[in-house]
Amino acid sequence: MVRANGAVSLRELARVVQTSEVTVRRDVRALEAEGLLDRRHGGAVLPGGFTRESGFPQKSHLATAEKTAIADLAAGLVEEGEAIVVGAGTTTQELARRLARVPGLTVVTNSLLVAQALAHANRVEVVMTGGTLRGSNYALVGSGAEQSLQGLRVSRAFLSGSGLTAERGLSTSNMLSASVDRALVQAAAEVVVLADHTKLGTDTMFQTVPTDVITRLVTDEPPAHDERAGTELQALADQGVQIAVAGTGGAGASGPGGEGVPTGRQQPRRDMPLPGQRRSHPGAPGSQLRSAGALAEQQAQGAGERARVADMRRR
């Protein structure tokens, strides 16, 4: 199936061979050890290491539920009347479909798929870069795309990629795509990375966004067995990246007080527990992944203890 399609998801493999995803994951790991395929993005692809990149048809069938949840959460970050840039990718395409409902929005993009998703949104202005069409991901790349972004300034950039690590940040397998993504980042005051948990801990050939430039990561909650993704999330948080975690069960993410965040204009995020020691970074609100409700409860307990001690002293 991988040879025929270039990539396949674990869910599809489990359906075809009529077994559990746990069993499929174990078998895929064994095939990877033999060099027959590589595990990527919730599935498997043909081997190729750092330089291989799956095309759009393969990517569009991988981690679809996660990408939908991430796009729902990220759309809540966008305000009416904003000007933003949106890079190429299947996750950013999902985001664009939701941005069609934001009035007065201006979207600058090098992605034909993003532009197509917004083509019939009568309250959204779409600005396309120039450049040469890269057919594998329907994106405009090259010097023409980069030059058209010079002198541009917007509030946020929404980008995806092939891998994300705390050490190198966001990366991709194609040099031309990486160069345009870097130009998109230069045009934005804030950088929001959209990456499902299968990309966490994956490092590819060309760096696009260093970790210290990433303002916020919107991702899904890693499975309990995925220690690598959980460790990578904690490392990103330790470096000051704000982490917003989307739920894939239909209920959406929870807000600071534990309540569901509606699809509105507020900034949604879900504070999730991560393994390891947490470090505090002044001025980095995402570095301490603790809900406001928990913080308020801790402060209330502290105030009660101080009052009890004061009363004992008076007695």
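One distance of note links CD of Gln239 with CD of Gln234; it measures 11.0 Å at 0.5 Å rounding. Atom CG of Asp220 sits about 8.0 Å away from atom CG of Leu200, to the nearest 0.5 Å. One finds the CG atom of Asn137 at 10.0 Å from the CG atom of Leu176 (value rounded to the nearest 0.5 Å). A distance of 7.5 Å separates CG of Leu184 from OG1 of Thr109, quoted to the nearest 0.5 Å. Interatomic distance, Ile214 CD1 to Leu236 CG, rounded to the nearest 0.5 Å: 6.5 Å. Atom-to-atom distance recorded for Arg123:CZ and Leu105:CG is 10.5 Å, nearest 0.5 angstrom.
Closest heavy-atom contact between Ala96 and Ala117: CB-CB, 3.9 Å. Between Ser111 and Gly87, the shortest heavy-atom contact is CB-O, 4.2 Å. Considering all non-hydrogen atoms of both residues, Ala237 and Ile243 come closest at CB-CG1, 4.1 Å. Residues Leu170 and Ser160 share a closest heavy-atom pair of CD2-O, 3.3 Å. Residues Ser177 and Arg134 approach most closely at OG-NH1, 3.2 Å, considering heavy atoms. For the pair Ser162 and Ser173, the tightest heavy-atom approach, listed with the atom from each and the gap, is OG-N, 3.8 Å.
The salt bridge (Lys or Arg N to Asp or Glu O under 4.0 Å) test applied to Glu32 returns Arg39, not counting sequence neighbours. By the side-chain hydrogen bond (donor to acceptor under 3.5 Å, both in side chains) test, Ser171 is found to be paired with Thr204, residues two or more places apart in sequence or in another chain being considered. Not counting sequence neighbours, the partners of Arg228 by the side chain to side chain contact (heavy atoms under 4.5 Å, CB included) test are Thr202, Asp226. With sequence neighbours excluded, the residues that form a side chain to side chain contact (heavy atoms under 4.5 Å, CB included) with Thr106 are Ala83, Glu125, Val127. Take Thr211 and apply the side-chain hydrogen bond (donor to acceptor under 3.5 Å, both in side chains) test, not counting sequence neighbours, and it matches no residue. Listed by chain and number, the residues in a salt bridge (Lys or Arg N to Asp or Glu O under 4.0 Å) with Glu146 amount to none (sequence neighbours excluded). By the side chain to side chain contact (heavy atoms under 4.5 Å, CB included) test, Thr165 pairs with Glu167, Arg168, Asp203, Glu232, sequence neighbours left out. With sequence neighbours excluded, the residues that form a side-chain hydrogen bond (donor to acceptor under 3.5 Å, both in side chains) with Arg15 are Glu12. For Leu140, the side chain to side chain contact (heavy atoms under 4.5 Å, CB included) criterion is met by Asn110, Met128, Thr129, Leu133, not counting sequence neighbours. Residues passing the side-chain hydrogen bond (donor to acceptor under 3.5 Å, both in side chains) test with Thr23 are Ser20, sequence neighbours excluded.
Thr91 contributes no side-chain N or O that, together with a main-chain N or O of Lys67, makes up a donor-acceptor pair within less than 3.5 Å. When atom types are taken as modelled, the side chain of Thr219 and the backbone of Ala195 share a donor-acceptor pair closer than 3.5 angstrom. At least one donor-acceptor pair under 3.5 Å links the side chain of Arg156 to the backbone N or O of Leu77. When atom types are taken as modelled, the side chain of Ser155 and the backbone of Ile84 share no donor-acceptor pair closer than 3.5 angstrom.
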| request: Show your working on side chain to side chain contact (heavy atoms under 4.5 Å, CB included) between Arg216 and Glu190 and close with a plain yes or no. | output: CA-CA 8 Å; Arg216 185 187 302 261; Glu190 296 183 1; over 6 Å; no

| After noting the C-alpha distance and the side-chain angles of Val209 and Leu159, does the key distance pass the side chain to side chain contact (heavy atoms under 4.5 Å, CB included) rule? | CA-CA 9 Å; Val209 190; Leu159 298 176; 3.8 Å; yes

| Can Val185 and Thr208 be said to form a side chain to side chain contact (heavy atoms under 4.5 Å, CB included), step by step? | CA-CA 9 Å; Val185 168; Thr208 56; over 6 Å; no

| said: Does Asp196 form a side-chain hydrogen bond (donor to acceptor under 3.5 Å, both in side chains) with Thr198? I'd like the steps, not just the answer. | reply: CA-CA 6 Å; Asp196 64 78; Thr198 62; 2.2 Å; yes

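Under the 4.5 Å side-chain criterion, counting only non-hydrogen atoms from C-beta, Leu149 is in contact with Val108. No side-chain heavy atom of Gln186 sits less than 4.5 Å from a side-chain heavy atom of Arg182.
Taken together through direct or relayed side-chain contacts under 4.5 Å among Ile, Leu, Val, Met, Phe, Trp and Tyr, Met175 and Met205 form part of one hydrophobic cluster. In terms of hydrophobic clustering, with Ile, Leu, Val, Met, Phe, Trp and Tyr side chains grouped at heavy-atom distances under 4.5 Å, Val16 and Leu37 are assigned to a common cluster.
Among the candidates Val85, Val191, Val78, the single residue satisfying the side chain to side chain contact (heavy atoms under 4.5 Å, CB included) test with Phe158 is Val78.
A salt bridge (charged side-chain N to carboxylate O under 4.0 Å, His left out) check over residues 87-96, counting only residues at least two apart or in different chains, returns the pairs Glu94-Arg97, Glu94-Arg98.
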